[in-house]
Protein chains: 2
Amino acid sequence: MAGSTDGEKRNHTSGVPAGIPEMGEIVGYKLRRAQLFVFQDFIESFAKMKLRPAEFSVLAIIARTPGQKQTEIAEQLGIKRANFVALMDGLERRGLAERRKAATDKRSHSLHLTPEGARFVDKMTSVWRNHEERLIERLGGPEARAALLDLLGRLLDDPER
Amino acid sequence: MAGSTDGEKRNHTSGVPAGIPEMGEIVGYKLRRAQLFVFQDFIESFAKMKLRPAEFSVLAIIARTPGQKQTEIAEQLGIKRANFVALMDGLERRGLAERRKAATDKRSHSLHLTPEGARFVDKMTSVWRNHEERLIERLGGPEARAALLDLLGRLLDDPER
DNA sequence: CATAATTGTTTCATCATATAACAATATATC
DNA sequence: GATATATTGTTATATGATGAAACAATTATG
């Protein structure tokens, strides 16, 4: 029992007014919807672990390259260093990561996983693989995923410079 | 003068610890970054018109299919109807769109563009085309854009059902 | 040495989004 | 047809993500 109420001001011949885009052909819109969908799955996947996307990314980076300072990691992830503080506080409070005072620069902190954090990252990685596998299935295979990553990379990587 | 402070707990042979994903191979992450980049360009494009993505989408939908009610449009866009109210208030206050009381259902509102709104949408569409063209350039041509839209669609369109 | 820049931090404002409740109206059920 | 249930638009409110500004401690630069 839904349906529009009236119907009005159309173009001359058909029913499509001028060159107004359909939502499905707007790259930004479709990107956004897809991102929301993927994050939805991600968030549900990590609900039990109480891990949010930003926390996942920080742990992954620390695990792969320990010893970096906050600003470095924040910048890599496009997070303002001011907002990184609370994020890191949370990871430290949970005993997953820690700040060590860097010897060379007394201002900065060197970020590391705790032993528990390392075990956590192992589980996290496994959960992530399932999530990623689910996406691959939807996309229609690993090649499709690779193609998507490539296209997204073209948007991100700066052409000049 | 940057650089990590120390370096620790690696895996056996190389330097990569276990199977921890690199950020660049995480679909969700790259999707997010790409979406932010595209929105950045979009927002800058429409800064002078003081138009935000959500407003753009609402105007585009009303322009293409006038007469729909709020809940219908909100649902199409994945916006909670509660949050749609203020959005529509803004468009109405600016004289771009209007609520007409639907004759058939006294609860609902039939949404339409004003004449000024129609002119606004024309300009908006033109600005959007430039934005989209910029993306196409980055992607490497219209075929790449089509491919991207297709892949994103695979994530969005529900397989079963 | 004096000045400027960096690092981590706190505080604050803004925006997007979700939930719950409500009145008015419409629909369904008996 | 009366009563219960659902829908529509709305308000109020909570939460999370994000950005800007300022600050002390420290380091780099002229």
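Each chain gets a letter, A, B and so on, in the order its sequence line appears, and its residues count up from 1. These numbers come from a predicted model, not from an experiment.
- Taking atom CD1 on Ile43(A) and atom P on dT17(C), their separation rounds to 13 Å, with Å as the unit.
- The stretch residues 85-99 of chain B touches DNA chain D through Val85(B), Arg99(B), each having a heavy atom under 4.0 angstrom from the strand.
- Closest to the side chain of Lys69(B), from the set dA18(C), dG9(D), dT7(C), is dG9(D).
- In the set dT17(C), dT7(C), dA18(C), the nucleotide with an atom closest to the side chain of Thr71(A) is dT7(C).
- Among the heavy atoms of the strands, none lies under 4.0 Å from Ala54(A).
- A salt bridge does not link Lys50(A) with Glu55(A): none of the charged nitrogens is closer than 4.0 Å to a carboxylate oxygen.
- With Arg145(B) contributing its side chain and Glu25(A) its backbone, the two residues share a donor-acceptor pair below 3.5 Å.
- Heavy atoms of Asp105(A) sit under 4.0 angstrom from primed sugar atoms or phosphate atoms, though from no base atom.
- Considering only the side chain of Arg52(A), dG16(D) comes nearest among dG16(D), dA16(C), dT8(D).
- Residue Ser108(B) has no polar side-chain atom (N or O) positioned under 4.0 Å from OP1 or OP2 of dT25(C).
- Annotation for Leu113(B) and Ile62(B): closest pair N-CG2, 3.6 Å, computed over non-hydrogen atoms.
- At a threshold of 4.0 Å, the pair Glu98(B)-Arg100(B) counts as salt-bridged, since one of the basic side-chain nitrogens sits closer than that to a carboxylate oxygen.
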Could you walk me through whether Phe56(B) and Phe42(B) pass the ring pair (Phe, Tyr, Trp, His ring centres under 6.0 Å) test, one step at a time?
CA-CA 10 Å; Phe56(B) 175 98; Phe42(B) 186 98; 5.2 Å; yes
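- When each of Lys106(B) and Ala82(B) is assigned the nucleotide of DNA chain C bearing its nearest heavy atom, the one mapping closer to the 5' terminus is Ala82(B).
- Between Asn83(B) atom CG and dT14(C) atom P the separation is 18 Å, expressed in whole Å.
- Residue-to-nucleotide contacts include a donor-acceptor pair under 3.5 Å from the side chain of Arg81(A) to the base of dG8(C).
- For the pair Asp89(B) and Arg93(B), the salt-bridge criterion is not met [side-chain N within less than 4.0 Å of a carboxylate O].
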